[in-house]
Amino acid sequence: MSKPRSGVVERLWSEGKTVRSWAAENGFSLRSVRAVISGHNKGNYGKAFLIAKALDRVGQKK
């Protein structure tokens, strides 16, 4: 059984983007973006905060 995907990943896919392509377009490392999406990094400060903020903008485009 596969793991349910997060809403962020679903939104990116609906725009025709992958997490890897989104990270590259926004100048973030794939590892850092995946850490924020998965919740390993809470995104409270620093680069993780910037990633979380940018990912939130992805959700507001609809």
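The structure displayed is predicted, hence computed values, not measured ones.
Of all non-hydrogen atoms in V33 and W22, the two that sit nearest each other are CG2-CZ3, 3.9 Å.
In this structure the side chain of L50 reaches within 4.5 angstrom of the side chain of F28, judged on heavy atoms. With a 4.5 Å cut-off on side-chain heavy atoms, N41 and S32 do not count as touching. By the 4.5 Å heavy-atom criterion applied to side chains, L30 and V19 are counted as neighbours.
Atom OG1 in T18 sits 8.5 Å away from atom CD in E25 (nearest 0.5 Å). Taking OG of S29 as the reference point, atom CZ of R20 lies at 11.0 Å (rounded to 0.5 Å).
Checking side-chain atoms of D56 against main-chain N and O of A52 turns up no donor-acceptor pair under 3.5 Å. Using modelled atom types, one side-chain atom of S38 and one backbone atom of R34 make a donor-acceptor pair closer than 3.5 Å.
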